[in-house]
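Remarks on the structure that follows.
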Amino acid sequence: PGDQLLGYFNQLSITAWVNLSANGVLQSIVARKTSTEGSHSLDISGSNKLSFTYYDGASWNEFQGTTNFSSGTWYPVAATYDGSSDPVLYVNGVADGGSWFSGNTGKMDMHNTGTVFGAADSGNTAHLNGKIGHIRIYSGILDTVEVEAIHVQEMAMLSGEPGLAG
């Protein structure tokens, strides 16, 4: 694994904005899939919760947040993962809590597609039905203060945008 544990870096943070047009199906915000350890994705799960999923070389592991996403609302989301402890998920600039999902993640496709936005792979599986924006991928762990600062900065920039959540 080395410095490529998560496909990009040894530690990873992703931030984005998402506005769903439909609920109840797996929808990928950003994914990186290769045929090796380090593949990962930031998604809205079929149960309408933010999730971070990664491949450890043997199986997919999915960590799901607690916030239920509604369609038609913009949500700022973030995930941080250091490769060893639980991922931290954020919704509206606030840590969302969560737990490990203990079912079939439905993520067993291993394609060498690199990084894909709005789908789980180049075949458009887990297509995001809605809008995404302001995607940022960092080579390190953002802390709560940094995630909140990004949220506040982008809220100020987007003030007046209809349907913002927080």
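Quantities reported herein were computed from a predicted structural model and do not represent experimental measurements.
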Q.
I'd like to know if the side chain of Asn48 and the backbone of Gly24 have a donor-acceptor N/O pair within less than 3.5 Å.
A. yes
**Q.** Gly133 to Trp74 - nearest heavy-atom pair and separation
**A.** N-CZ3, 4.3 Å
**Q.** Taking every non-hydrogen atom, the tightest pair across Ala22 and Gln27
**A.** O-NE2, 2.9 Å
Q. How are the rings of Trp17 and His151 set to each other: parallel, tilted or perpendicular (split at 30° and 60°)?
A. parallel
Q: Identify the two heavy atoms, one from Phe52 and one from Leu89, that lie closest to each other, and give their separation to 0.1 Å.
A: CB-CD2, 3.9 Å
(Q) side chain to side chain contact (heavy atoms under 4.5 Å, CB included) for Tyr75 and Leu20? Distances and angles first, verdict last. (A) CA-CA 9 Å; Tyr75 294 92; Leu20 303 176; over 6 Å; no
Q. How close do Thr80 and Leu142 get, heavy atom to heavy atom, and via which atoms?
A. CG2-O, 3.5 Å
Q: Would you check if the side chain of Thr66 reaches a backbone N or O of Asp96 as a donor-acceptor pair within less than 3.5 Å?
A: yes
Q) Listed by chain and number, what are the side-chain hydrogen bond (donor to acceptor under 3.5 Å, both in side chains) partners of Thr144, not counting sequence neighbours? A) Tyr90
Q) Would a hydrophobic clustering, with Ile, Leu, Val, Met, Phe, Trp and Tyr connected at side-chain separations under 4.5 Å, put Val77 with Val145? A) no
Q. Ile14 and Tyr81: side chain to side chain contact (heavy atoms under 4.5 Å, CB included), yes or no, with the steps?
A. CA-CA 9 Å; Ile14 301 170; Tyr81 185 59; over 6 Å; no
Q | Nearest atoms (heavy-atom pairs only) where Ala78 meets Val147 | A | CB-CG1, 4.1 Å
(Q) For residues 129-148, which residue pairs pass the salt bridge (charged side-chain N to carboxylate O under 4.0 Å, His left out) check, not counting sequence neighbours? (A) Arg136-Glu154
(Q) Grouping I, L, V, M, F, W and Y whenever their side-chain heavy atoms are under 4.5 Å apart, do Ile135 and Leu50 come out in a common cluster? (A) yes
**Q.** For Ser21, side-chain hydrogen bond (donor to acceptor under 3.5 Å, both in side chains) partners two or more places apart
**A.** none
Q) Are the side chain of Ser13 and the backbone N or O of Gly140 linked by a donor-acceptor pair below 3.5 Å? A) yes
Q. Of all heavy-atom pairs between Ser71 and Asn23, which one has the smallest distance, and what is that distance?
A. CB-OD1, 3.2 Å
